[in-house]
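All remarks here apply to the structure that follows.
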Amino acid sequence: MPELPEVETVRRGVQAQVVGRRITAVEVGRERTVRRTSRQALIDGLTGATILAANRRGKYLLCPLDTGDELMVHLRMSGRLLVAAAGTPRPAHTHVVMHLSGSPRQELWFVDPRTFGEVVVFDPANVDVELPELARLGVDPIADGLTRTQLATLLAGRRRLLKPLLLDQHVVAGVGNIYADESLHRARLRHDRLADSLTSREVGRLRDAVVSVLTEAVEAGGSTLTDTQYVDIEGGQGWFQVHHRVYDRAGQRCITCGKADIQRVMMGGRSTCFCPRCQH
DNA sequence: AAACAAACCTGTGCGC
DNA sequence: TGCGCACAGGTTTGTT
């Protein structure tokens, strides 16, 4: 579910509502959510700690603590982070509850039906061992920026299909299935183009498309699909889905050309939607 | 090097 | 209405 724009929206919510507050108590329901370490490690690492900041790298939410440790939350497919008044009935699949200092009394919930997501406290000095994938993340188009030259370098000599490459977090961090399809459509490029076959003009289009799609999606608060799985920290939905041109629009007329129908194929195990007339 | 399938889970929507 | 299947925003692992 959540890709860069959704995680960024959550990050902003954490920044506005949680940063500066102390975690007074921690409850861990399902152990699977803290499988990277353990229930006790999360409780020990968070209890009494104050959250100093809310950062993001790709789809990873990273919160430095005053203990020197860092809190990492990854929402994966179905994770949600919610702030609620203490005592509010918790939704099903609430696996971690962090009680926050201050008044009114509030709690930070990690809710995750599919349990792919995780919550972990790690020592940033030991990140290579405790969270090795973090160091191997590629360029974040929003946090780092992405230049045409940079993207050209990433694509050069890669005999790789364009879409799986965009989805590879070691190359570009933050792009997921929705925004890969939307970016490729905006760049007028097919998902099955070989990365090293792009002209420099096409690389420029792709760079502009990725950055502008992600930027606009962040401004819209992300995409909330019909299942309303994704919501921001206050439970509010995002609105970028009304701007989707291809994602989940298989069989419908292309909004851009008005002439062809959006097609859907599987690529790398992910459904892929594109316009056969607009994209080459 | 790169593409694929399967694995990890639960929920929903669809065809019959 | 109920049942079974396909599929879902992600990532890793093992196999071709």
Side-chain angles (χ1 to χ4, degrees), chain A residues 1-11 29-36 56-61 72-81 91-96 110-120 131-138 140 154-184 191-197 213-214 217-218 220-232 237-244 246-251 264-273:
Chain A
M1 134 205 185
E3 307 179 28
L4 187 153
E6 290 76 31
V7 179
E8 174 62 17
T9 302
V10 170
R11 185 200 70 76
R30 201 146 157 175
E31 192 117 35
R32 185 172 146 74
T33 299
V34 295
R35 61 192 173 281
R36 172 112 35 175
R56 182 189 58 73
R57 298 281 316 161
K59 300 168 192 168
Y60 292 77
L61 183 63
M72 187 284 278
V73 176
H74 199 303
L75 305 173
R76 290 285 178 98
M77 290 290 268
S78 61
R80 290 148 63 186
L81 213 47
H93 311 292
T94 301
H95 304 312
V96 177
F110 180 76
V111 180
D112 186 18
R114 292 178 72 180
T115 70
F116 290 165
E118 59 178 322
V119 179
V120 61
L131 220 57
E133 69 266 40
L134 208 54
R136 303 193 303 147
L137 277 183
D140 183 307
L154 291 170
L155 301 182
R158 308 297 295 272
R159 296 196 62 78
R160 245 188 115 170
L161 298 169
L162 209 41
K163 173 161 175 180
L165 184 137
L166 282 179
L167 290 177
D168 186 341
Q169 302 299 299
H170 307 303
V171 179
V172 177
V175 175
N177 207 34
I178 295 177
Y179 300 106
D181 282 1
E182 292 299 322
S183 297
L184 287 168
H191 55 283
D192 54 358
R193 282 287 296 278
L194 240 31
D196 70 353
S197 77
V213 163
L214 292 175
V218 168
S223 299
T224 297
L225 306 182
T226 49
D227 61 10
T228 65
Q229 276 281 315
Y230 164 71
V231 289
D232 66 24
Q237 65 166 318
W239 291 100
F240 192 71
Q241 67 282 0
V242 306
H243 300 293
H244 291 177
V246 286
Y247 182 81
D248 203 25
R249 293 196 70 252
R264 177 180 177 276
V265 297
M266 284 304 247
M267 170 169 279
R270 314 301 303 278
S271 79
T272 298
C273 297

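Numbered from 1 within each chain, the chains take letters A, B, ... in sequence-line order. Note: hydrogens, waters and symmetry copies are ignored here, and every other heavy atom, side chains too, is used.
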Between [X] and [N], does any side-chain N or O lie under 4.0 Å from OP1 or OP2?
{"X": "A/H74", "N": "C/dT11", "result": "yes"}
{"X": "A/S78", "N": "B/dG11", "result": "no"}
{"X": "A/Q169", "N": "C/dT11", "result": "yes"}
{"X": "A/H93", "N": "B/dC9", "result": "no"}
{"X": "A/R158", "N": "B/dA1", "result": "no"}

In whole angstroms, how far is the [atom2] atom of [N] from the [atom1] atom of [X]?
{"X": "A/H170", "N": "C/dG10", "atom1": "NE2", "atom2": "P", "result": "14 Å"}
{"X": "A/Y230", "N": "C/dG10", "atom1": "OH", "atom2": "P", "result": "14 Å"}
{"X": "A/E118", "N": "B/dC8", "atom1": "CD", "atom2": "C1'", "result": "12 Å"}
{"X": "A/M267", "N": "B/dA5", "atom1": "CE", "atom2": "C1'", "result": "15 Å"}
{"X": "A/Y247", "N": "C/dC7", "atom1": "OH", "atom2": "P", "result": "13 Å"}
{"X": "A/E133", "N": "C/dT12", "atom1": "CD", "atom2": "C1'", "result": "10 Å"}
{"X": "A/R36", "N": "B/dC8", "atom1": "CZ", "atom2": "P", "result": "18 Å"}
{"X": "A/L167", "N": "C/dT11", "atom1": "CG", "atom2": "C1'", "result": "11 Å"}

For a 4.5 angstrom cut-off between non-hydrogen side-chain atoms, does [X] reach [Y]?
{"X": "A/R114", "Y": "A/H93", "answer": "no"}
{"X": "A/N177", "Y": "A/S271", "answer": "yes"}
{"X": "A/L214", "Y": "A/E8", "answer": "no"}
{"X": "A/W239", "Y": "A/Q241", "answer": "yes"}
{"X": "A/L137", "Y": "A/Q169", "answer": "yes"}

Please determine, for C/dC5, whether a Watson-Crick or G-U wobble partner exists with both distances under 3.5 Å, and give it or none.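 For C/dC5, the partner nucleotide comes out as B/dG13, under the 3.5 Å rule.
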Categorize [X] for me: base, sugar-phosphate, or nothing, with a 4.0 angstrom heavy-atom threshold over every strand shown.
{"X": "A/L161", "answer": "sugar-phosphate"}
{"X": "A/Y179", "answer": "nothing"}
{"X": "A/R270", "answer": "base"}
{"X": "A/R35", "answer": "nothing"}
{"X": "A/G176", "answer": "sugar-phosphate"}
{"X": "A/R264", "answer": "sugar-phosphate"}

Aro-ring/base stack A/F116-C/dT11, d under 5.5 Å, angle under 30°: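 Stacking between A/F116 and C/dT11: absent.
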I'd like to know whether A/E3 forms a side-chain hydrogen bond (donor to acceptor under 3.5 Å, both in side chains) with A/Y230, so could you lay out the CA-CA distance, the side-chain angles of the two residues, the decisive distance to 0.1 Å, and finally the verdict. CA-CA 10 Å; A/E3 307 179 28; A/Y230 164 71; over 6 Å; no
Nearest listed nucleotide, side chain of [X], among [options]:
{"X": "A/Y60", "options": "C/dA8, C/dT12, B/dC9", "result": "C/dT12"}
{"X": "A/R30", "options": "B/dG11, C/dT12, B/dC9", "result": "B/dC9"}
{"X": "A/R32", "options": "B/dC8, C/dA8, C/dG10", "result": "B/dC8"}

Residue mapping more 5' on DNA chain B - nearest nucleotide basis, A/G157 or A/G269: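 Nearest nucleotide further toward 5': that of A/G157.
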N/O donor-acceptor pair, side chain A/R114 with base C/dA8, under 3.5 angstrom: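 Counting by modelled atom types and ignoring angles, a donor-acceptor contact under 3.5 Å is found here.
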How are the rings of A/H244 and A/Y179 set to each other: parallel, tilted or perpendicular (split at 30° and 60°)?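 It falls in the perpendicular class, over 60°.
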Which whole number of Å gives the distance between the P atom of C/dG4 and that of B/dC9?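 Pairwise P distance, C/dG4 against B/dC9, rounds to 22 Å.
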